[in-house]
Amino acid sequence: MRILIAPDKFAGTLTAVEAAAAIEEGWRRRDPGAEVLVAPMADGGPGFIDVLSAVVDGTLLSVTVRGPLGEETPATVLMAGETAYVETAQACGLHLVEPKERRPEEATTYGVGQLIAAAVDAGAKRIILGLGGSGTNDAGAGMLAALGATGESGHLDNGAAGLAQLTAVDFQPARDRVAGVEFVAASDVENPMLGLRGATNIFGAQKGIGDDRKPAVDGFLTHFAELADRKTADQKGAGAAGGLGYALLLLGAERVSGIDLVAELTGLKQKAAQVDLVLSGEGAFDFQSRDGKVIAGVAKVANDAMRPCVVLAGKVLIGAREMRTMGVESAYALVDVVGEEQAFADPHGSLATVAERVARTWAR
């Protein structure tokens, strides 16, 4: 039996690399002679650098940057010749702030700008940024400030709230700082920055923005866009990472699918053609999994190769019909097999147990 293991991270418990190892371990208990190809995945969010550093011939550049609430935060840039890979969540990720300490209206993307500056100083002429998992909602103003942009009467680096009093902005110093550099924004999010489908209204709640504050915060971003470039705020992906996509578009970035980019770099299509079965997974297999996420991307590649795709997830919250529409043959939930308490207490062992059960059905 030849299988390809291509999971996303199991948020809060396992990285994509750890998840792949657990699935392989469990499968081999039932089918020790299997030929296994491993391709951990990411869609641009947390784990982006972890996954790419295993397949891209480059070196890791260590940098200390300002975190979302101003704290010193360690981060890395993957340098491969004149191309740099940046995981923006390392500087502005939701996971960097404890839930009780979150202040989403003050959180800044300043550290992302510092990562970009470090890459430019290291000789990067092309910077590929993974967007996702952010705890910020500042329209990327902090990132622009770190690159030299300035504002009058307000603050670019104090989160969304700092944008309210701005009377003018000057991005030219930031554009001069990165002159000649090509930007690629890799994200699973196609939302615009403003309005009912924008960054604040769709993703604000998970960052701690209450329903009562969403109109005001969306207003801060609207004010900023009117000073900068209102039309760009409507482009696909402008709402990614709390509007960080918008700021990158202002710098001329090309927006691409994060999972498609990672799939290409990891040779996912070629690997899928060599196997009998493709296994993927993530923490929660739900309706969000359909929109540019890892499982949707892996299932498409598997289907294009005419190979079945099976999902292992912490929880399965999607029906069989929707699952098959995505190209997924079957899905197995850790909580159904080992229980929720055990799934969180021993995620590696629990995932391995489920993988062994999958092998009982699918190994031949």
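Source: prediction; values computed, not measured. Count residues from 1 along the sequence.
A salt bridge links Arg66 with Asp157: the distance from a Lys NZ or Arg NE/NH1/NH2 to an Asp or Glu carboxylate oxygen falls below 4.0 Å. Look at Arg255 and Glu190 and you find a salt bridge, because one of the NZ, NE, NH1 or NH2 atoms lies within 4.0 Å of a carboxylate O, short of that distance. A salt bridge between Arg29 and Glu356 is present, with a side-chain N of the basic residue lying under 4.0 Å from a carboxylate O of the acidic one.
Remark: the Lys207 side chain and the Ser134 side chain contain an N/O donor-acceptor pair separated by less than 3.5 Å. Side-chain N/O atoms of Asp138 and Thr109 include a donor and acceptor closer than 3.5 Å.
Tyr246 and Ile116 fall within the same hydrophobic cluster, defined by Ile, Leu, Val, Met, Phe, Trp and Tyr side-chain heavy atoms under 4.5 Å apart, directly or through other members. Follow the hydrophobic side-chain contacts under 4.5 Å out from Val184 and you reach Ile49 in the same cluster. Met41 and Val278 end up in the same hydrophobic cluster when Ile, Leu, Val, Met, Phe, Trp and Tyr side chains are linked at under 4.5 Å. Linking Ile, Leu, Val, Met, Phe, Trp and Tyr residues whenever their side-chain heavy atoms come within less than 4.5 Å places Val262 and Leu268 in a single cluster. Under the 4.5 Å side-chain heavy-atom criterion for Ile, Leu, Val, Met, Phe, Trp and Tyr, Leu94 and Tyr110 are members of distinct hydrophobic clusters.
At most 12 non-hydrogen atoms from other residues, nucleotides or ligands lie less than 6.0 angstrom from CZ of Arg364. With a 6.0 Å radius and a threshold of 12 heavy atoms from other residues, nucleotides or ligands, Lys214 has its NZ atom above the threshold. Counted within 6.0 Å of CZ on Arg28, heavy atoms from surrounding residues, nucleotides or ligands total more than 12; the atom is thus considered enclosed. Other residues, nucleotides and ligands place more than 12 heavy atoms under 6.0 Å from the CG atom of Leu317. Counting heavy-atom neighbours within 6.0 Å of Gln165 CD, excluding the residue itself, gives a total of 12 or less. When the shell of 6.0 Å around NZ of Lys300 is examined, it contains 12 or fewer heavy atoms from other residues, nucleotides or ligands.
For Asp212, there are no side-chain hydrogen bond (donor to acceptor under 3.5 Å, both in side chains) partners at least two apart in sequence or on another chain. With sequence neighbours left out, the side-chain hydrogen bond (donor to acceptor under 3.5 Å, both in side chains) criterion links Thr73 to no other residue.
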For this session: Go through the steps to decide whether Lys315 and Phe285 satisfy the test side-chain contact (heavy atoms from CB on, under 4.5 Å), and finish with yes or no.
Result: CA-CA 6 Å; Lys315 296 180 179 180; Phe285 183 28; over 6 Å; no
Problem set entry | CA sep, side-chain torsions, deciding dist, call: Asn137, Thr200, side-chain hydrogen bond (donor to acceptor under 3.5 Å, both in side chains) | CA-CA 7 Å; Asn137 200 79; Thr200 305; 3.0 Å; yes
Using distance only, find each side-chain donor-acceptor pair of residues 326-352 under 3.5 Å and give its atom names and separation, not counting sequence neighbours.
from   : atom 1 : to     : atom 2 : distance (Å)
Tyr332 : OH     : Trp362 : NE1    : 3.2
Asp346 : OD1    : Gly349 : N      : 3.0
His348 : NE2    : Glu25  : OE1    : 2.8
Ser350 : OG     : Gln342 : O      : 3.1
Ser350 : OG     : Asp346 : O      : 2.7

Distance-only donor-acceptor hits, side chain of residues 215-234, under 3.5 Å, sequence neighbours excluded:
from   : atom 1 : to     : atom 2 : distance (Å)
Asp218 : OD1    : Gly195 : N      : 3.4
Asp218 : OD2    : Gly195 : N      : 3.4
Thr222 : OG1    : Asp218 : O      : 2.8
His223 : NE2    : Leu166 : O      : 2.6
Asp229 : OD1    : Lys231 : N      : 3.2
Asp229 : OD1    : Thr232 : N      : 3.3
Asp229 : OD1    : Thr232 : OG1    : 3.4
Asp229 : OD2    : Thr232 : OG1    : 2.9
Arg230 : NH1    : Asp234 : OD1    : 3.0
Arg230 : NH1    : Asp234 : OD2    : 3.3

Tell me which donor-acceptor pairs under 3.5 Å the side chains of residues 55-65 have, and how far apart each pair is, sequence neighbours excluded?
none

Donor-acceptor pairs under 3.5 Å, side chain of residues 145-156 to any protein atom, not counting sequence neighbours: which ones?
from   : atom 1 : to     : atom 2 : distance (Å)
Ser153 : OG     : Thr167 : OG1    : 3.4

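Using a distance-only test at 3.5 Å, with no hydrogens or angles considered, no donor-acceptor pair links the side chain of Glu101 to the main chain of Pro99. Under a 3.5 Å cut-off, the side chain of Lys269 and the backbone N or O of Asp304 do not form any donor-acceptor pair. Here the side chain of Arg126 pairs no donor or acceptor atom with the backbone of Glu82 at under 3.5 angstrom. Using a distance-only test at 3.5 Å, with no hydrogens or angles considered, no donor-acceptor pair links the side chain of Arg2 to the main chain of Val36. Distance alone, capped at 3.5 Å, places no donor-acceptor pair between the Thr108 side chain and the Pro68 backbone. Looking at Asp276, its side chain never comes within 3.5 Å of a backbone N or O of Met1 through a donor-acceptor pair. Here the side chain of Arg357 pairs no donor or acceptor atom with the backbone of Ala355 at under 3.5 angstrom. Side chain of Glu24 to main chain of Ala21: no donor-acceptor pair is present (N/O by atom type, distance under 3.5 Å, no hydrogens or angles).
Listed here is the closest heavy atom pair of Pro7 and Ala20: CG-N, 3.7 Å.
Residues Val77 and Tyr85 form no side-chain contact, since every pair of their non-hydrogen atoms from C-beta on lies 4.5 Å or further apart.
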